[in-house]
Structures are given as structure tokens and as C-alpha cells.
Amino acid sequence: MLCLPNLFFFRILKISIVVRGFMSKFVRYSVRIVVAVTFFSVKVLAIQSFKLAESRIEDFFIKSGLKRSSSSCDMDEVKAGATFLSIFRLLVDEYVDRIGPKEMQKMLEGAIQGMLSSLDPHSGVVQQNLLEEMEGEFGGLGIQISPVPIKGTDRTELTIVSILEGAPKTPAQISGLKPKDVIVAIDSTFYDRYDEAVKKMRGAPGTKVVLTIRRKLSDKEKIFNVSLTRSLIKVDSVKYHLEPNSNVGYIRIGVFDAKTGILVEKALRSLYKENPKLNSIVIDLRNNYGGYLDQAIKVASLFLSSGVVVKVKDKKTVREHSVVPGHVIVGKGGVYDAALLVLVNGYSASASEILAAALKDHNRAIVAGRMTFGKGSVQEVKVLDSKLAFKFTSSRFYSPKGLPIQGSGVIPHVIFKTPHDTSEESKVEIKESNLPGSLERKLLDQSVAPSKESSKKSSSKKSKPSGHGVPVERPIQVAKQLIICSEEKNDGGVESTEVDYELLQAIDLAKALGYQFEQYKMRQGRENKK
């Protein structure tokens, strides 16, 4: 753009040379002076205009609290911003209907949503009333959905990936909705955009909404309508109880909200108070879609006395988040000690994967169940004003050993199987890597990121004991026997949807771990006396 005055200047000079025979010296020099003055004036105005545009963009970043790029792409940023404003101005001037303040706000949200959703599936506009969800209380149905690609096409379908648990029960729990159910329509209207579907399902408590659901059964598909009454969702972050006739404690973490760390600590102290002989604990992270990163670190700090919990890598740096000192409740050097079993499945994501990976890498727990979802990214929320907020992916996280979570997930020591695994429904996999536009799997360090196969092999080495002194290969043998028993119990051909086979196997395995832990403590005691 700044080259135009130079071109203009030389063209005028050329013309002046051609006609110089017909002009007096005074006229010729006068023209050259005018051209020179014009050239410098245009150049100064162009520079001032550029600086003005740059300052306005800088003011926007300062007011919105965003960091401006310090790269050499400043001019590209100005051009992109100018293009956006030109289109916005054109629509305001020439659109068929008048565009008022409400329509402008809607256009702005749509433009920002389009920019963010083109980057990855977890970036997008956050409605102000949805920010309440991050505090553990919000109005809705109690489901988590995600756009899942349809095989052989470039389209996606809105699929339920998690049913939130609450007290009282959430509308989704009452209605019998399940993970992997596909939402075909909402109030008889088809929605293929995630943000629009979420907004449509939200509403004032007490109002009704009808979902058209497609569910895959063993040999066919079933389409049906479900009427739900919206309610104020109060997510049960933590539940716990003692298993009857055993020394096994059970802690269910449904989501990592602002109070999860405190609630888990309370649960641990209560369990030990009820049963001082507690020797094993099951930490159930199934269907836990994540939440606050700092809460995952606080929970890990209840079981680990020291070390790194998670490594977080942004565009420039790698940060290590370590155990919060003085918080350990269960672990070496802590107030109490017990064998740990972490139960996960394909819908354990984000913060729940951080906790599972940390306890696994530190050999503090046996991880059992299914391979996790594989969401290894951190989202940051920015509030621009009272009407607009958005979230974007700011970093990736890795296990303490530097293994990537994004696109990989956490591989359990023990893979649980159930009688339902032969059904067609069980073969439908919803993973982070399957989501449209998902971030690719990136290694933190080539030297510390083995393949999935090598991870499996290394996890089963006899020389690698767990943190409570129970070798990993022994729980695998126990689990195989428990799987056989579970299949025999269901050999009558009657398929029960109420039996939680994974939890039954986890409790039985925790009993075995507890017994081995007691034997380990006895051996340690004898060695200390010697």
C-alpha cells in the first residue's frame, strides 16, 4: 500500500520529461516541487493511518485483557482485522433488513464462534449464563454432548458422551438417557452445530424440551422421543461409602469443580474414621469429563507426598505443577496409607486423565477399566464484557513422565471386560482423536514418549512394583480370573443393564490389593525389627 505514492511520483516525472520542451524552467521546477510535496504528504498520512489502526488494535487487546502477538505478522493482523471490519460495514449498510444492536451482537458472537471453532472442538463462545456450569450449578438437562464424525462423510452428529450425576437426580438420569445416544432433533428441529444445540437445550428450570434420540442396539437402531423437564443442575462432585463386609473404601469423583479437592479430603478422613482398618480405596473416575486443573492437582496431592503431577506446555514454555506440600492423606509418609485402584473408562477426560496419569506414573495406583478419552488440552476463559465471553485452547498437558494425553489417553494396567462387550453398541468408540478439528498428538520430548505398545509392555514388567508394594502383574492375573467369574454369573442368557460389572470387578480387585497391601506392611514391619 505504501508503494503507491512512489509509483505515482515516477509517472509524473516521466510525463514532465516528455513535455519539458514546451514548458519554461520555472513551470518545470514548480511541478516537481508540487509532486515532491504531494509524495511526502501522502507518505506521512499513510504512516499516521497505519499507526492509528495499530493503536486502535492495541487498545482493543489492552481493554480485553488479551496478549498481542510480538511476531512479524503485525501487518497481516491489521489486514485481517480490516477485512473483517469491511465485511461487517458492508452488511450493516446493504443487508436487506435493518441491523440493529441486537443483530450486531449476534453477528459478533457468530463471527467469534466461527473463528474459534475452526481451530479445535473445545474453543468457542461461552454464553454468560453457561459460566455458572463451571461453578458446579446450572440450568439444563445434565448431559455432556460432543459432535462426532459420521463414518464415510464430512458431517457430524451430536452424541451424548456423559450423563451428569446429581442429587436429586438430573433430568437425564431420570429419563434413562445413555452415553452414545445420538440427538437427532431438539423440539422437532434439527441442529448440527454444537453451540446452537447447547443453547437450545438450556432454559429456565421447570420448562420442557423434547429430544429425538437414536440409540444403537445389538442388531438394530431405535429412534424415539424423550420429554425432559429442565432443572437446576447440582452436580455431585464427590460421593463415597464403605463397601459392606470389607476394608475397601469407594470414592466417586463425578467432576472436578471448585470444591472437589476439599470434598475428597473430607471423604478420606470420614472413611478412615468409620473403618480404621481400611486397606484399599477405589477412586471411580468413569464418565468424569474433567474440570479445574488445580483441583486435579489438589486431589493428587492427597495421595502423593512429592513430585510432579502434570506438565503443561504452551506455545513458549513447559511448566511443571508439583504436589501441594503438606496435603497428603493417603500415601508414603502421610497420615494414612492404603492400596489404590483408579477406575476409568472411555469417557474419563481432561482433569480425570491428569489424576489417573499422575498416580500411574508415580506407581501409586493400579489403573483399571478402559482406555480414557484422550483430551490433553487446557482451555482458558476470557470475559470481554457483560454479554460476551469465550474460551480457547492455550496449552497441552502431559503426564509426569512426559507422555502425551492428547489423542492418546491413559492406558490402564488392567483392561476390564463385561458381557456387553460383544454388542454392536460397545464397538462404537468416541474418542478425542475422532472429533472434527481435534488437536494432533504432539510429543513433549522424543526421548520420553514411547508408543502405545511399548507403554503396555513397560507397564507389565515384574521389576516395576506399584507404590504400595503390590507388583503390577499380580493384579492382572486376579482381574482375568474375576472376568471369567463375571461371565459365568451371566451365562443364563439374560442381559442385565443394571449390573455394573466394571465396578464389581474393581471392588473384587481392590480387596485383593488390600490383602496384598496388608502382607506387604507385615513384611516391612518384620524387616524394620531386624
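The model shown is predicted, which means the values in this text are computed figures rather than measured ones.
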Requested in this report: Verify side chain to side chain contact (heavy atoms under 4.5 Å, CB included) between Ile354 and His321, making sure each step is shown before the conclusion.
Outcome: CA-CA 11 Å; Ile354 290 176; His321 296 271; over 6 Å; no
Report task. Apply side chain to side chain contact (heavy atoms under 4.5 Å, CB included) to the pair Val342 and Val410, showing each step before the final yes or no. Result -> CA-CA 11 Å; Val342 177; Val410 178; over 6 Å; no
**Report entry** Chi angles and distances behind the side chain to side chain contact (heavy atoms under 4.5 Å, CB included) call for Asp500, Arg286
**Finding:** CA-CA 12 Å; Asp500 190 342; Arg286 293 176 300 168; 2.8 Å; yes
**Report entry** Residue pair Tyr398, Val318: steps toward the side chain to side chain contact (heavy atoms under 4.5 Å, CB included) verdict
**Finding:** CA-CA 10 Å; Tyr398 297 79; Val318 177; over 6 Å; no
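Atom NZ of Lys239 is surrounded by more than 12 heavy atoms from other residues, nucleotides or ligands within 6.0 Å.
Contact annotation: the side chain of Val226 never approaches that of Asp181 to less than 4.5 Å [non-hydrogen atoms, C-beta and beyond]. Taking the side chain as every heavy atom from C-beta outward, Leu211 and Leu177 approach each other to under 4.5 Å. Between Thr260 and Ile253, the closest side-chain pair of non-hydrogen atoms falls below 4.5 Å. Contact of the Tyr250 side chain with the Leu503 side chain is registered, since non-hydrogen atoms from C-beta on lie closer than 4.5 Å. Contact annotation: the side chain of Phe416 approaches that of Leu343 to within less than 4.5 Å [non-hydrogen atoms, C-beta and beyond]. Using a 4.5 Å heavy-atom threshold, the side chains of Tyr347 and Lys180 count as touching. In this structure the side chain of Lys316 reaches within 4.5 angstrom of the side chain of Asp314, judged on heavy atoms. A 4.5 Å side-chain heavy-atom check between Leu443 and Pro404 finds at least one atom pair inside the cut-off.
Across all their heavy atoms, Ile405 and Ala357 have their closest contact at CD1-CB, 4.0 Å. Of all non-hydrogen atoms in Ala356 and Val367, the two that sit nearest each other are O-CG2, 3.9 Å. Across all their heavy atoms, Leu355 and Ala296 have their closest contact at CD1-O, 4.3 Å. Gly290 and Ser350 make their closest contact through CA-CB, 4.0 Å (heavy atoms, listed as atom of the first residue, atom of the second, distance). Across all non-hydrogen atoms, the minimal contact from Val184 to Phe190 is O-CD1, 3.3 Å. The shortest heavy-atom contact between Val238 and Ala267 is CG1-CB, 4.3 Å.
No donor-acceptor pair under 3.5 Å is formed between the side chain of Gln113 and the backbone N or O of Gly124. The backbone N or O of Thr189 lies less than 3.5 Å from no partner atom in the side chain of Asp187, so there is not a single donor-acceptor pair. Side chain of Glu432 to backbone of Gln406: no donor-acceptor contact under 3.5 angstrom is found. Ser123 places a side-chain N or O within 3.5 Å of a backbone atom of Thr393 that can act as its donor or acceptor partner. Side-chain N or O atoms of Glu265 include none that pairs as donor or acceptor with a backbone N or O of Ile262 at under 3.5 Å. The main-chain N or O of Asn288 is found under 3.5 Å from a side-chain atom of Ser352 such that the two form a donor-acceptor pair. Formation of a donor-acceptor pair under 3.5 Å by the Lys220 side chain with backbone atoms of Lys222 is not found in this model. A side-chain donor-acceptor contact under 3.5 Å links Ser301 to the backbone of Val324. A donor-acceptor pair is defined here as one N or O able to donate and one able to accept, closer than 3.5 Å; such a pair exists between the side chain of His362 and the backbone of Val308. A donor-acceptor contact shorter than 3.5 Å is absent between the side chain of Lys375 and the backbone of Glu353.
With respect to Glu502 and Arg370, a salt bridge is recorded, a charged nitrogen being found less than 4.0 Å from a carboxylate O. By the 4.0 Å N-to-carboxylate-O rule, Asp361 lies too far from Lys311 to be salt-bridged with it.
Remark: Arg214 CZ to Ile223 CD1 distance equals 6.5 Å, nearest 0.5 Å. Note that OG of Ser408 and CG of Leu403 are 8.5 Å apart. Values are rounded to the nearest 0.5 Å. If you take OG on Ser175 and CD1 on Ile143, they are separated by 8.5 Å, rounding to the nearest 0.5 Å. Between the CZ atom of Phe256 and the CG atom of Leu285 there is a distance of 5.5 Å, given to the nearest 0.5 Å. In this structure, the separation between CE on Met107 and CD on Glu103 is 9.5 Å, given to the nearest 0.5 Å. Between the CG atom of Leu116 and the CD atom of Gln379 there is a distance of 11.0 Å, given to the nearest 0.5 Å.
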Using a 3.5 Å cut-off and no angle test, enumerate the donor-acceptor pairs between side-chain atoms of residues 90-97 and protein atoms at least two apart in sequence or in another chain.
{"from": "Asp93", "atom 1": "OD1", "to": "Arg89", "atom 2": "NE", "distance (Å)": "3.4"}
{"from": "Asp93", "atom 1": "OD1", "to": "Arg89", "atom 2": "NH2", "distance (Å)": "2.9"}
{"from": "Asp93", "atom 1": "OD2", "to": "Arg89", "atom 2": "NE", "distance (Å)": "3.4"}

What donor-acceptor contacts under 3.5 angstrom involve side-chain atoms of residues 158-170, with partners at least two apart or in another chain?
{"from": "Thr159", "atom 1": "OG1", "to": "Glu157", "atom 2": "O", "distance (Å)": "3.2"}
{"from": "Ser162", "atom 1": "OG", "to": "Asn287", "atom 2": "O", "distance (Å)": "2.9"}
{"from": "Glu165", "atom 1": "OE1", "to": "Arg252", "atom 2": "NE", "distance (Å)": "3.4"}
{"from": "Glu165", "atom 1": "OE2", "to": "Arg252", "atom 2": "NH2", "distance (Å)": "3.4"}
{"from": "Thr170", "atom 1": "OG1", "to": "Leu164", "atom 2": "O", "distance (Å)": "3.0"}
{"from": "Thr170", "atom 1": "OG1", "to": "Gln173", "atom 2": "N", "distance (Å)": "3.3"}
{"from": "Thr170", "atom 1": "OG1", "to": "Gln173", "atom 2": "OE1", "distance (Å)": "3.4"}

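Residues meeting the side-chain hydrogen bond (donor to acceptor under 3.5 Å, both in side chains) test with Ser395, sequence neighbours left out: none.
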